[in-house]
Amino acid sequence: MKNMGDMLLRKPGFQEIVMGNTALVRAMVESGTRVITSYPGSPTPEIAAAIQTIPEDERPFYFEFSTNEKVATEVAFGAALNGHLSTVFFKSVGINVAADTFVQLSLLNIIGGMVVVLGDDPGANSSQNEQDNRHFAYLSYTPMLEPASPTEVYRYYKEAAALSQKLGKVIILRLTTHVCHAKEKVTFAEWIPRKEDYTPKFNSKNGPYIPLASAVYPMKKRALRQLGEVETWIEQRRLNTLVENNSTLGIITSGLTYLSLLEILEEAPEKPDILKLAMVYPVPERTIIKFLKSHDEVKIVEELDDELERSIKAIAYDQHLTTRITGKSDIDDWIGEYTPDKVRQILKKTWPGLVADGKRLDPPSDDIPLRPPQMCPGCGHRSAFHAIGEVLAKEDITVADIGCHTLGYHKPYNMGEIMVCMGSSAGIGSGLSLFNSSRKVVAFLGDSTFFHAGLPGIVNALFNKHNLTLILMENGTTAMTGHQDHPASGRNFNEISEAIPIRQVLEGFGVKSIFETDTYDQEKLRTLVKEAINEKQFNVVIAKHPCMLLFAKKQRKVKGENPFHVKIDQKSCDKIHTCIEKFGCPSFTRNSDGMISVNNELCIGDGSCIQTCPRKAITR
Amino acid sequence: MKPFNIYLCGVGGQGTGLLSEILLRGADHAGLQAKAVDTHGLAQRGGVVVSHLRIGKKIYSPMIPAREADLVVALERHEALRGADTALRDGGCLVYFNTVLQPLGVRLGSDREVSENFLNRNCKVRNIKVYIVENGGLMEPKMQNIAVLANIDKNNLIPLVKTRHLIQAMEDLMTGPMLEKNMAIFKNSPLTV
Ligand SMILES: Cc1ncc(C[n+]2csc(CCOP(=O)(O)OP(=O)(O)O)c2C)c(N)n1
């Protein structure tokens with residue numbers, strides 16, 4: 001078997017089929033990156049999974065999952081102030097959490113160099129929005145590189161690291177979901193480990209590091225001036241790509257959209273010239289002017305928002321250029337991932353005859369039942385939702401948070417009717433409780449999220465005496481993103497680390513009533529929640545059960561396939577369907593005669609369903 | 001060689017990702033250029049899992065345009081129909097493992113389960129050749145993907161990718177008892193047409 005850890009540390013150059021996220025780790029090794037931090041979130045967790053294949057004592061860098069993206073950014077920044085090349089990576093919306101720290105970075109002289117790797121998610125494949133984080137580059141004067149493929153992830157990271165070290169400036173590497181997860185054969189260079197110097201080099205003379213009062217303007221000036229140097233550097237490194245087809249038509253694009261374009265234009269009889277930008281901020285003015293001047297008509301094809309379009313139109317205006325420039329045609333052009341099919345539609349709006357129609361003309365069939373994601377068989381969250389749903393009144397308000405328990409909003413539970421972002425449930429619930437004595441407010445929160453961004457909302461509820469019940473869905477892991485450990489797990493990424501007990505944290509805050517039960521004990525959970533919602537104060541119900549997907553996976557490793565399943569006693573079953581329609585475990589199958597059977601491929605034999613059958617037809 | 005597009009789909013937990021990785025590496029061992037992309041993220045939570053695999057020289061995007069797949073490989077019957085409907089070209093091939101993992105709506109009684117007949121009729125209209133891999137009840141669910149792999153191989157569904165290339169790919173990705181078990185299924189799976 002090929003061992004990924006060995007591959008990532010191989011000294012001679014080699015070729016291997018890898019995904020973008022793995023190529024990034026090799027690039028970090030070759031660049032001599034010494035400190036890497038993160039908080040899990042799709043599409044980036046496989047970066048950490050690749051790091052984990054290197055045994056801890058052989059890693060040429062330090063890695064940690066921090067408690068959230070802001071702290072991760074701070075740790076990476078602090079390390080870079082001591083002279084260590086550092087990198088922080090997280091998902092798209094992670095930058096909202098990190099923003100307060102992040103926006104300062106480009107003002108500061110980061111002597112070790114620092115790269116921020118963003119996993120943006122056009123198409124909102126696994127995120128609560130598809131925000132275009134190129135705005136953050138503009139907002140903070142931070143140069144941003146955007147690779148299109150695993151090969152470019154590898155190459156651009158190395159460029160970003162070198163540039164960052166040269167300028168003492170933070171650089172963003174913006175990946176998108178299908179760049180992170182694309183796989184291809186990448187040619188890697190040799191790795192020559194450098195002589196390591198770990199001397200802590202922080203010196204306030206390298207600053208200023210205190211952006212206050214009169215210091216702010218010169219710091220901002222430096223940041224702005226560096227943008228010019230960056231443009232020159234991009235030209236020297238020849239990172240932009242020009243595809244010349246001798247056309248009077250031109251297209252300016254970047255990232256994965258470039259590959260979609262090539263795909264769609266492959267069969268076109270006449271192909272426009274294409275300028276692919278490696279760096280999307282700052283836009284390379286000289287290169288753009290040259291391209292505009294040499295074409296009659298230029299279309300900007302950019303995924304999500306219109307940053308390039310606005311910058312390029314402004315350049316053309318200042319230069320008095322008469323090139324016809326088109327960007328977004330309508331609202332649809334702002335929405336969704338620029339797949340080959342989407343790019344085809346977009347080109348057709350501007351140049352109807354340029355490319356052929358797609359192969360699919362009719363809309364997708366609606367005869368195929370949708371398959372929404374759902375909680376796994378045995379999931380403790382399901383037991384909790386089933387029980388809690390039975391004690392809440394119809395008009396009561398349930399507030400979701402982010403994690404596997406968000407899936408409770410699906411039928412048949414419909415629990416958690418509003419969801420915004422990580423850690424927001426207690427705050428939103430507090431607001432919903434104002435001027436409200438008639439409808440109970442119940443908020444849900446996961447345990448990783450508790451530490452990530454949940455604490456301030458809880459403290460606020462106590463401080464300002466809000467009246468709501470928070471249900472802490474404690475499953476011991478960061479489940480949704482692939483089971484990363486968190487502060488209450490008893491382990492960090494590298495070693496055993498004393499678990500921070502959630503209950504005692506709440507007690508320390510001064511939460512007066514804390515209820516606690518295993519979620520499989522549905523009777524007890526019902527009693528506790530009933531009691532909690534009738535109290536007139538902020539209180540917490542800790543609804544505990546280990547993540548059963550993780551548990552079953554570990555069991556399978558030690559004991560092989562699980563032999564335990566529940567059975568339906570067909571004689572006792574009288575088709576009231578509580579198991580399948582109210583409890584809703586995916587292991588139950590509805591047969592054409594209305595009888596229920598158990599799918600042994602799915603059932604893990606946890607038995608949490610047994611108590612839900614009024615006819616006692618479910619048995620072990 | 002003309003580009004050859006393979007679209008794989010299944011339900012989270014069925015091993016679509018491993019199957020795709022074996023085919024990708026198999027193509028590489030056959031000396032072909034290839035690109036792929038998988039869905040990750042929510043995939044494990046019983047949702048739809050999709051993998052695109054593209055073989056050939058003139059391939060740019062890792063994603064297959066709608067209805068331009070030459071072969072759809074599905075590990076479940078509903079996903080077989082969904083995959084054929086979204087990705088497969090008219091006249092292409094569908095190979096699927098004949099098991100059903102009922103989607104939410106079917107379990108709640110609001111949607112109708114996709115039957116073998118319904119699937120076959122849909123494929124016939126579009127001139128799609130269908131290969132059905134049956135369970136036979138013997139197999140561990142985690143290895144159904146390998147039974148499908150064996151059938152792709154025995155029916156020569158991917159041009160230029162031969163048995164030895166797939167074996168090499170499996171050896172890249174697995175060791176020990178896992179490799180042995182999967183190899184046994186790969187070598188002994190009955191041929192289905
Ligand atoms: C700011 C931000 N960072 C990361 C994520 C990705 N994310 C989605 S769910 C989740 C896990 C939440 O874990 P936990 O609160 O323990 O709930 P569980 O999934 O275990 O039920 C994370 C990290 C996100 N949506 N937003």
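Chain A is the first sequence line, chain B the second, and so forth, proteins listed ahead of strands; every chain is numbered from 1.
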Inspect the contact between A:Lys183 and B:Asp38 and indicate whether a charged nitrogen and a carboxylate oxygen are less than 4.0 angstrom apart.
-> yes
Closest approach of B:Pro65 to A:Arg344 (non-hydrogen atoms, all atoms of both residues) = CB-NH2, 4.0 Å
Side chain, backbone, both or neither: which part of A:Cys579 has an atom under 4.5 Å from a heavy atom of chain B?
-> neither
Any chance you could measure B:Tyr60, atom OH, to A:Leu259, atom CG, to the nearest 0.5 Å?
-> 10.0 Å
Okay, side chain of A:Arg360, backbone of B:Asp85: is any donor-acceptor separation there less than 3.5 Å?
-> yes
A:Glu266 versus chain B, heavy atoms under 4.5 Å apart: side chain, backbone, both or neither?
-> side chain
Got A:Pro586 and B:Arg107 here, is their nearest side-chain heavy-atom distance under 4.5 Å?
-> yes
Would you mind reporting whether B:Pro103 and A:Leu370 have side-chain heavy atoms less than 4.5 Å apart?
-> no
Note: A:Asp367-B:Arg82 ion pair, threshold 4.0 Å (strictly below) | no
Contact leader toward chain A among B:Val106, B:Thr86, B:Leu179, B:Val114, where contacts are heavy-atom pairs under 4.5 Å = B:Val106
Could you look at A:Glu337 and say if it's the side chain, the backbone, both or neither that has a heavy atom under 4.5 Å from chain B?
-> side chain
Check: B:Ala66 main-chain N/O paired with A:Asp341 side-chain donor or acceptor under 3.5 Å | yes
So what's closer than 4.5 Å to chain B heavy atoms on A:Lys582: side chain, backbone, both or neither?
-> neither
State, yes or no, whether a side-chain contact exists between B:Arg25 and A:Ile17 at a heavy-atom distance under 4.5 Å.
-> yes
Most chain B-contacting option - heavy-atom pairs closer than 4.5 Å, from A:Glu581, A:Lys2, A:Arg556 | A:Lys2
Find the distance between OG1 (A:Thr339) and CD1 (B:Ile64) and round it off to the nearest 0.5 Å.
-> 12.0 Å
Given a strict heavy-atom distance threshold of 4.5 Å, which part of A:Pro43 is in contact with chain B: side chain, backbone, both, or neither?
-> neither
Can you tell which part of A:Leu261 gets under 4.5 Å to a heavy atom of chain B, answering side chain, backbone, both or neither?
-> neither
Which heavy atom in B:Val48 sits nearest to a heavy atom in A:Arg371, and how many Å separate them?
-> CG2-CB, 3.8 Å
Distance, nearest 0.5 Å, that separates CD1 of B:Ile59 from CD of A:Glu263 = 6.0 Å
Of all of B:Arg89, B:Glu76, B:Met170, which one pairs up most often with chain A through heavy atoms under 4.5 Å apart?
-> B:Glu76
Nearest-0.5 Å distance that lies between atom CE in B:Met63 and atom OG in A:Ser260 | 7.5 Å
If you take all heavy atoms of B:Val37 and A:His178, which pair is closest and at what distance?
-> CG2-CD2, 3.5 Å
side-chain contact (heavy atoms from CB on, under 4.5 Å) between B:Gln144 and A:Glu601: does it pass, once the steps are laid out?
-> CA-CA 11 Å; B:Gln144 296 168 349; A:Glu601 287 185 21; 3.1 Å; yes
Do B:Asp28 and A:Lys185 have side chains that get closer than 4.5 Å, going by heavy atoms?
-> yes
Quick one: are A:Ile580 and B:Leu108 in side-chain contact, heavy atoms under 4.5 Å?
-> no
With a 4.5 Å heavy-atom cut-off, do A:Glu184 and B:Gln33 have their side chains touching?
-> no
Side chain, backbone, both or neither: which part of A:Cys379 has a heavy atom under 4.5 Å from chain B?
-> neither
Is it the case that more than 12 heavy atoms not belonging to A:Lys359 sit under 6.0 Å from its NZ atom?
-> no
For A:Met4, is it the side chain, the backbone, both or neither that has a heavy atom under 4.5 Å from a heavy atom of chain B?
-> neither
Is the backbone N or O of B:Gly47 less than 3.5 Å from a side-chain atom of A:Gln374, with the two atoms forming a donor-acceptor pair by type?
-> no
Distance (rounded to the nearest 0.5 Å) between A:Met1 CE and B:Glu171 CD = 12.5 Å
Does the side chain of A:Leu602 come within less than 4.5 Å of B:Leu101's, by heavy atoms?
-> yes
Between the CG atom in B:Leu104 and the NZ atom in A:Lys411, the distance rounded to the nearest 0.5 Å is 7.5 Å
Side chain, backbone, both or neither: which part of A:Leu256 has a heavy atom under 4.5 Å from chain B?
-> side chain
Using non-hydrogen atoms only, which part of A:Glu16 is less than 4.5 Å away from chain B: side chain, backbone, both, or neither?
-> side chain
